[in-house]
Structures are given as C-alpha cells and as structure tokens.
Amino acid sequence: MKTTKERTKLEANNVRKIREGLLMSKAELARRAGVSVLTIDRVEKGMACRMDTKRKIILSLGLQLSDRDKVFKKED
C-alpha cells in the first residue's frame with residue numbers, strides 16, 4: 001500500500017535554483033508572487049501547483065511566460 005507521500009505527484013522545477021541565483025529569499029518571492037511562503041516551499045520541493053501559481057512565480061522571478069520551460073520542466 002502506497003503512503004500519501006508516495007502518491008503525491010512531484011514535478012521537477014528550477015524555482016529554487018533561479019531564486020537563489022537572484023539572491024532572493026522564499027519570503028520575498030512569496031510576497032512578489034502574492035502567495036504564501038509555504039506555497040513556495042512546496043513548489044520548490046516539486047509538489048504540484050496550479051497553473052496560476054506557476055505564472056505568478058515565473059513573473060515574480062523577473063522572467064517572461066515564454067521562459068516557463070526554464071523554470072518548470074516540460075511534462076512529457
């Protein structure tokens with residue numbers, strides 16, 4: 001029997017890498033994106049999030065929506 005953690009779909013992304021490259025804290029990214037720090041933490045751990053949240057994060061990192069594949073790996 002699978003645990004809840006095993007059933008949770010993980011999505012690879014570069015949010016943490018890009019955020020740290022910009023010397024930006026999770027709190028600052030959360031504030032800019034208008035989401036909670038917990039949401040940023042979950043996204044960085046690879047947990048699934050809504051498309052709207054992805055859009056907010058991309059724009060808050062100073063990127064264009066066309067850069068989405070640089071932040072969130074393209075799903076097969």
**Message:** With side-chain contact (heavy atoms from CB on, under 4.5 Å) as the criterion, how do Arg32 and Met24 come out once you've worked through the C-alpha distance, each side chain's angles and the decisive distance to 0.1 Å?
**Reply:** CA-CA 11 Å; Arg32 287 183 181 193; Met24 184 185 301; 3.3 Å; yes
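- Expressed to the nearest 0.5 Å, how far CE of Met51 lies from CZ of Phe72 amounts to 11.0 Å.
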**Request:** List the steps and the verdict of salt bridge (charged side-chain N to carboxylate O under 4.0 Å, His left out) for Asp52 and Lys56.
**Result:** CA-CA 6 Å; Asp52 185 50; Lys56 289 176 180 178; 3.5 Å; yes
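- A salt bridge between Lys45 and Asp41 is present, with a side-chain N of the basic residue lying under 4.0 Å from a carboxylate O of the acidic one.
- For the atom pair CG of Leu22 and CG of Leu29, the computed distance is 9.0 Å after rounding to the nearest 0.5 Å.
- Between Arg55 and Leu65 there is a side-chain heavy-atom pair separated by less than 4.5 Å.
- Going from atom CG of Leu38 over to atom NZ of Lys26 covers 9.5 Å, rounded to the nearest 0.5 Å.
- Note that CZ of Arg19 and CD1 of Ile40 are 8.0 Å apart. Values are rounded to the nearest 0.5 Å.
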**Message:** Could you walk me through whether Val37 and Arg31 satisfy the side-chain contact (heavy atoms from CB on, under 4.5 Å) test, starting with their C-alpha distance in whole Å, then the side-chain angles of each, then the deciding distance to 0.1 Å, before giving a yes or no?
**Reply:** CA-CA 8 Å; Val37 175; Arg31 183 183 54 76; over 6 Å; no
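- For the atom pair Arg68 CZ and Leu59 CG, the distance stands at 12.0 Å (nearest 0.5 Å).
- Sorted by first and then second residue, the pairs that involve residues 58-67 and meet side-chain hydrogen bond (donor to acceptor under 3.5 Å, both in side chains), not counting sequence neighbours, are Asp67-Lys70.
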**Worked verdict on Arg50 versus Lys54 for side-chain contact (heavy atoms from CB on, under 4.5 Å)** = CA-CA 6 Å; Arg50 295 183 301 170; Lys54 289 181 181 179; over 6 Å; no
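- Side-chain contact check for Arg42 versus Cys49: every heavy-atom pair is 4.5 Å or farther apart.
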